[in-house]
2 protein chains.
Amino acid sequence: MKEKETTLKVIAEKLNISITTVSKALKNYSDVSPTTREKVLELARELHYTPNSFAVNLRTKESKTIGLIIPEVVHHFFSSVINGIIAEAEKNEYLVIILQSNESLELEKKQVQLLINKRVDGIIMSLSNESNDDDHIREIIHRNIPFVMFDKISKMIPCSKVIIDDQKAASAAVEHLITVGCKKIAHIRGPVNPQNAIDRFLGYKKALEKNNISFDKNLVFTCVRVSFEEGYEFAKQICKNHPDVDGIFVITDLVAVGVLAYLNENNIKVPEQIAVIGFSNWFMSQVIKPKLSTVDQPSYEMGVSAFNLLLKEIRAVKEDKPKVIENLILDTQLIIRESSKK
Amino acid sequence: MKEKETTLKVIAEKLNISITTVSKALKNYSDVSPTTREKVLELARELHYTPNSFAVNLRTKESKTIGLIIPEVVHHFFSSVINGIIAEAEKNEYLVIILQSNESLELEKKQVQLLINKRVDGIIMSLSNESNDDDHIREIIHRNIPFVMFDKISKMIPCSKVIIDDQKAASAAVEHLITVGCKKIAHIRGPVNPQNAIDRFLGYKKALEKNNISFDKNLVFTCVRVSFEEGYEFAKQICKNHPDVDGIFVITDLVAVGVLAYLNENNIKVPEQIAVIGFSNWFMSQVIKPKLSTVDQPSYEMGVSAFNLLLKEIRAVKEDKPKVIENLILDTQLIIRESSKK
DNA sequence: TTTGAAAACGAAAACGTTTTCGAAAGTGCC
DNA sequence: GGCACTTTCGAAAACGTTTTCGTTTTCAAA
C-alpha cells in the first residue's frame with residue numbers, strides 16, 4: 001500500500017495540465033489563470049505536496065543550509081553561540097549542520113572537507129586550539145565559499161570575523177585588580193596557539209606595564225586542556241611557590257572556578273588574600289562562593305552577528321558581487337562581583 | 001575567471017569517454033578496465049572532483065543527514081547528548097542538523113515540518129515541555145520517517161526510544177535520603193507535562209510509601225522554568241513553611257544548586273539540617289559547596305544509542321523491512337556526595 | 001470578420017548523478 | 001572462419017524541479 005509521493009507530475013496528471021503550469025501556480029507566477037491556480041493550490045494542499053528539496057537544491061544550486069564547526073559543544077560559551085546562530089538562521093529559513101572538532105586539527109580538516117562536499121551555502125567556524133593558518137581554511141576561501149570566523153580566529157585568513165577585543169578586555173580586567181590594590185598578579189593563560197589566549201596574555205602584560213608593575217614570566221601559567229582541574233592545580237602551585245601573589249587573572253571562568261575551589265579548600269580568603277577574576281561570564285560564576293568577577297562576552301549576539309555576516313556573503317556571492325570582508329568587534333563588559341572586591 | 005565546476009561530464013570529455021564509464025570508474029564497478037580506471041582516478045584527483053551531493057541526493061533519495069530537535073542547547077545534559085549524537089553520526093558518515101524548540105510547542109511543530117520538507121533521513125527528538133502526544137509527531141510516524149525519541153518522550157507514540165528508568169532512579173535517590181535518616185522529605189518537581197518529571201515524582205511517592213512515610217502534597221513544589229531561581233525560591237518557601245523538612249529531592253541539579261545557594265546563605269547546614277539530592281550529575285555539582293549528591297544520567301551514551309537506533313531504522317526502511325521498535329533503558333547511578341551524608 | 005495584443009499554457013532543456021541494458025570489441029577454442 | 005564467451009563500454013532513462021521561450025487561446029477594437 002505504498003503511497004506515491006506527491007510530485008508536480010502527479011498533480012499535473014490529475015488536473016490534466018502541464019508540470020510547468022503546476023510549478024508556476026505554486027510559485028505565484030503571473031501567467032497562470034486564477035482558476036487553474038486555485039485548482040492547483042487546492043489539490044496540492046489536499047495531497048500534502050511539499051517540494052522535493054533534493055531536486056530544488058540541484059536546480060537552484062543552493063541548499064539553504066550552512067555548516068558550523070566548533071571545538072566543543074558542551075561548553076557554556078559555545079553552546080550560547082550555537083543558540084544565537086541557529087535562532088537567527090531559522091529566522092532566515094536556513095538550517096545549521098553542526099560539527100565538533102574536539103580541538104583536533106585532523107578532525108577539523110576532515111569536517112571542512114565534509115561540509116565542502118555537502119555543498120553547504122556557507123561555513124561558520126571557530127578554530128580548534130591546534131589549528132591556525134592552514135590549508136583546509138584556505139581551501140574554503142579559494143573555493144569562494146561564504147565563510148565567517150568567530151572567537152578563535154586566525155588573523156592571517158582574509159574573511160569576515162566576529163570577535164571581541166580580547167586584549168582590551170583582559171587589560172581592563174587586570175587594571176581592575178590593580179585598582180583594588182593587587183601588587184603581584186599572576187595569569188593563568190590559555191594554550192599557545194589560539195589568538196584569543198595570546199591577546200588576553202598581551203592585555204595582561206600591557207596592564208602591568210602601564211601601571212609600572214614588572215612583568216614576571218614565572219607568574220604565567222599555561223593551560224593545555226583549559227579545565228577545572230588545571231585551575232585547581234595552578235592555584236596550588238601559585239600558593240606554594242609564590243606566596244606573595246595577591247591577584248589572579250584567569251583565561252576563563254571554568255578554570256577560575258578551579259582556582260576558587262583550591263583557595264576555598266585551603267582557607268585562603270578571596271578576595272582579601274587573593275583576588276580572582278575570570279573571563280566569559282559563565283552562568284555558574286554568579287552561583288559559586290564567592291561570586292566570581294569576570295568579563296562578559298556577548299556569546300548569543302556573537303552567534304547572531306556571525307550568521308548575519310555569513311548571510312551577507314551568501315547573497316553577495318549569489319549575485320556575483322565582490323566579497324566584502326567585515327570585522328565585527330563586539331563590546332565586552334567588566335562584571336565585578338565578590339571575588340575581586342577588596 | 002570563473003572556474004568551471006568539475007563534474008563527471010568534464011572528466012568524460014577530457015578523456016573522450018562516456019559519463020557512464022567515469023561514474024563507474026569512480027565507484028569501482030567491475031566492468032571498467034584497469035587502464036581507464038586509472039586515468040579517471042588520476043584526472044579526478046587532479047581536478048579536485050567531488051560528487052555533487054545535490055545530484056546524488058536526488059538520485060539516491062537520501063541525504064545522509066539527520067535532524068535533531070531538542071528543547072535547549074545551552075544545557076549540560078542536552079549538549080552532552082548532542083555531543084554523542086554528532087560523534088556517532090560522523091563515524092557513520094551522517095551529518096546532523098540541530099534545531100532548538102525553546103520549550104515551545106509551536107516552534108517544535110514548525111521545526112518538524114522543516115525537517116520533513118528537508119527530507120532528512122531520520123529524526124531524533126526530545127520533546128518540549130509543552131508537547132506530548134501531538135499531530136506533528138504522528139505525521140513523522142505516518143510518513144514512515146525513521147524516528148527516535150530520547151529523554152523527554154511520549155509514551156503514546158509508537159517509536160524507538162532511549163530513556164532511563166526515571167521512576168526507579170528517583171526512588172533510589174529518595175530511599176537514600178531515608179536511609180541517612182530523613183523523616184520528612186520535600187520534592188521539587190519538574191513541569192506537569194514531561195513524562196520524566198511525572199516519573200520522578202512517582203518514584204518519590206513510591207519510595208515514601210514503601211518506607212511508611214505518609215505522602216504530603218504540600219511538600220511537592222512544581223517548577224515551571226526549571227531554573228536556579230526557582231530552586232532558590234522553593235527552598236525559601238520550604239524553610240519558612242515547613243521547618244521540619246529534613247531532606248529535599250530535586251528534579252535536576254541546576255535547581256538543586258539554587259536550593260543549596262539559599263540554604264548556604266541562610267546558614268542552614270547541609271546535610272546536617274537538610275539533606276539535598278539532585279538529578280543528572282551536572283558537571284557543576286561536584287564543584288560547589290557542599291558537593292551535591294545526584295543521579296548520574298549517561299547523557300553521551302544516550303546520544304550514541306539514539307543515533308544507532310535511528311541508523312537501524314534507516315536501514316530497515318531502506319530495505320523495506322518492517323520497522324522494529326526498540327526501547328532502550330540505560331542505567332543510572334546514584335552518586336553520593338557531601339550534600340546527603342549525615 | 002479580421003487584427004493585434006494580452007493572457008494562459010506547455011515543450012523542452014538543464015541541474016549532475018546512478019543504473020539498466022544492450023552493443024561492441026576482444027579472447028580462446030574448435 | 002565460426003562460435004561462444006568475457007570484457008569493456010555507452011546510450012538513455014530516471015530522480016523532480018525551475019525557467020526560458022515559443023505556441024495557442026481569448027477577446028476587444030477596428
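Quick note on labels: first sequence line is chain A, next is B, and so on, each numbered from 1.
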Ion pair A/Glu5/B/Lys61, N-O distance below 4.0 Å: no
Between C1' of C/dC15 and CZ of B/Phe54, the distance in whole Å: 11 Å
Salt bridge or not for B/Lys318 and B/Glu62, using N-O below 4.0 Å? yes
Can you identify which nucleotide, out of C/dG16, D/dC9, C/dG10, has its nearest atom closest to the B/Asn52 side chain? C/dG16
Less than 3.5 Å between a donor and an acceptor, one on the side chain of B/Lys24 and one on the base of D/dG10, is that the case here? yes
Can you say whether the rings of B/Phe78 and B/Phe150 are parallel (under 30°), tilted (30 to 60°) or perpendicular (over 60°)? perpendicular
Nucleotide D/dA13, atom P - distance to CD1 of B/Ile19 in whole Å: 14 Å
Given D/dT17, D/dG10, D/dT8, identify the nucleotide with an atom nearest to the side chain of B/Pro34. D/dT8
Has A/Tyr49 got a side-chain N or O lying under 4.0 Å from the OP1 or OP2 atom of D/dG16? no
What is the distance, rounded to the nearest whole Å, between atom CG of B/Asp31 and atom C1' of D/dC5? 16 Å
Under the side-chain contact (heavy atoms from CB on, under 4.5 Å) test, residues paired with B/Val74 that sit two or more places apart: A/His76, A/Ser79, A/Ser80, A/Asn83
Euclidean distance, atom CG of residue B/Asn16 to atom C1' of D/dG10 [Å, nearest integer]: 13 Å
At less than 4.0 Å, is any side-chain N or O atom of A/Thr36 found next to OP1 or OP2 of C/dC9? Yes or no. yes
B/Thr20 near the nucleic acid: base, sugar-phosphate alone, or nothing, with a heavy-atom cut-off under 4.0 Å? base
Tell me every residue that passes side-chain hydrogen bond (donor to acceptor under 3.5 Å, both in side chains) with A/Lys91, counting only those two or more places apart in sequence or in another chain. A/Glu88
Checking contacts here: which listed nucleotide (D/dG10, D/dG16, C/dT19) is nearest the side-chain heavy atoms of B/Leu58? D/dG16
Rounded off to whole Å, could you give me the CG-to-P distance for the B/Asn117 and D/dT17 pair? 12 Å
Minimum-distance nucleotide (side-chain atoms of A/Thr21 versus C/dG10, D/dT17, D/dT8): C/dG10
Give one of base, sugar-phosphate or nothing for B/Thr7, where a contact means two heavy atoms less than 4.0 Å apart. sugar-phosphate
B/Ala55 side-chain proximity, nearest of C/dA8, C/dT19, C/dG16: C/dG16
Are any of A/Lys61's side-chain N or O atoms less than 4.0 Å away from OP1 or OP2 of C/dG16? yes
Value in whole Å for how far the P atom of C/dA11 lies from CG of A/Leu8: 14 Å
In whole angstroms, how far is the P atom of D/dC9 from the CG atom of B/Leu15? 11 Å
Using a heavy-atom cut-off of under 4.0 Å over every strand shown, decide if A/Tyr29 touches base, sugar-phosphate, or nothing. sugar-phosphate
For the pair made of CG in A/Asn57 and C1' in D/dG16, what is the distance, rounded to whole Å? 11 Å
Would you call B/Asp31 and B/Lys24 a salt bridge, using N to O less than 4.0 angstrom? yes
Reading DNA chain D from 5' onward, which residue's closest nucleotide shows up sooner: B/Arg37 or A/Thr6? B/Arg37
